[in-house]
Amino acid sequence: MEKVKLGGMKQSLELCQFDLRGQDSPERIVPRVSKLLASQKINIAFLTYNKLNNESHQLTILLNQCDFTRSSELLNTKGTLPRGWAMQSRKHVGILTVYPHRNPLKILGCVMVLWAAQSIPIYGIATSLSAISFITDYQAIDKGIEVIQNSFQLPDDHAPIKPELIYYQSDEVKRGKGN
Amino acid sequence: METIAVYWESRIKTYGFQRIPELALIELSCPISVIKALGDILTSHDMQGLRASFILAQGSDRELSFVFCLPEREGMGFHAHLEQTGMPTSHRYIYPVGIIFFHGPHFGDRYGIAETTFSAISKEGIEIIASGCAASSVYLILAQDDLDRAEQVLTKTFEVAK
């Protein structure tokens, strides 16, 4: 049977996840948390926000793993979160992003089926222009990639899956020799 | 290889704002133990003609809560099909909603994008129904009536690269 085609696939660096849940003042949570993290120059690599079925809202953010400790301290500081909001965190996660050629709904369903069969967890999903991003354990990403490569057809000349360039934002301009 | 980027922008650049109006939002929760069954439903033949403009899922309490945004007619079909399977229960159906989405250079690699976006929207008193920021894109799901105002405030806040 012909394999479903993908345009490509890309994995993230090692990340950490924070899930914030609460009912009161949901309109304040995303501006407040994003402002706090930006003030500390902490990048948010992934974000989802939604209302859950029990009237609570949930904000999920993924940050670089190296920012886990100071982000935990910031978010756990009394008064940071609106009253009644609770936080759970998870270290060592990653994002695998697939680029559907067509039929994103089918590809989403296929990955859910394939990963469930291999006990690869899915902690979150978000689609964007021509992409579907899956959050899973960082140590499971290689297995997740292998499963997808075996089940889908990638172009022969697809871009590297693992990040080759790592971008950091800095306020400092360092001048080297000859500059 | 590591690249250190220094952004000195008075206004953050984007590649422009896109909007998708007249959508239905369907939210459903699925126990993680039956995620495979939901995947089977999504890959079924009946679902293949559906064009979802946006999908997100969040994990909590051993469940995944999904949001699907689809054109209204397809949303009704999707909702009806899920009801027939007897699988997950739909918890919300909202119509009409709209999406504004945008992306820009190194979104996701640099801090400050989310803060700029959500602070601007919040100051205008616009409610965000759902949002997803992944792979350099920012997606905001709003009530249909808020699309114009949201686009105006975002256009003032960000710079559209020419």
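Computed from heavy atoms alone, side chains included, the values below leave out hydrogens, waters and symmetry copies. On a predicted model such as this, the values are computed, not experimentally measured, just so you know. Chain letters run A, B, ... following the sequence lines, proteins first, then strands; residues in each count from 1.
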Quick check on [X] against chain B: is it the side chain, the backbone, both or neither that has a heavy atom closer than 4.5 Å?
X         : value
Phe46(A)  : both
Ser133(A) : side chain
Arg21(A)  : side chain
Glu27(A)  : backbone
Ile122(A) : both

>> On a heavy-atom basis, which atom in Met112(A) and which in Gly39(B) lie closest, and how many Å separate them?
In response: CE-N, 3.8 Å
> What closest approach, in Å, do Ala116(A) and Lys36(B) show between heavy atoms, and which atom pair accounts for it?
Replying inline: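 Residues Ala116(A) and Lys36(B), closest heavy atoms: CB-CB, 3.8 Å.
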>> Quick check on the interface: out of Ser53(B), Ser44(B), Gly132(B), Gly108(B), who has the most heavy-atom pairs with chain A under 4.5 Å?
In response: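 Of the candidates given, the most pairs with chain A belong to Gly108(B).
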> For Ile129(B), is it the side chain, the backbone, both, or neither that has a heavy atom closer than 4.5 Å to a heavy atom of chain A?
Replying inline: backbone
> Of the backbone (N, CA, C, O) and the side chain (C-beta and beyond), which part of Ser60(B) lies under 4.5 Å from a heavy atom of chain A, both, or neither?
Replying inline: both
> Top residue by heavy-atom pair count (under 4.5 Å) with chain B, among Leu129(A), Ile42(A), Ile135(A), Leu62(A)?
Replying inline: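 Of the candidates given, the most pairs with chain B belong to Leu129(A).
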> So, do Ile125(A) and Leu56(B) sit near enough that their side-chain heavy atoms are less than 4.5 Å apart?
Replying inline: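 No, side chains not in contact.
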> For Asn50(A) and Glu27(B), what are the C-alpha separation, side-chain angles and deciding distance, and is it a side-chain contact (heavy atoms from CB on, under 4.5 Å)?
Replying inline: CA-CA 9 Å; Asn50(A) 185 39; Glu27(B) 182 196 88; 3.0 Å; yes
>> Can a side-chain donor-acceptor contact be found between Gln58(B) and Asp19(A) if the only test is distance below 3.5 angstrom?
In response: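 Side-chain D/A pair, Asp19(A) to Gln58(B): absent.
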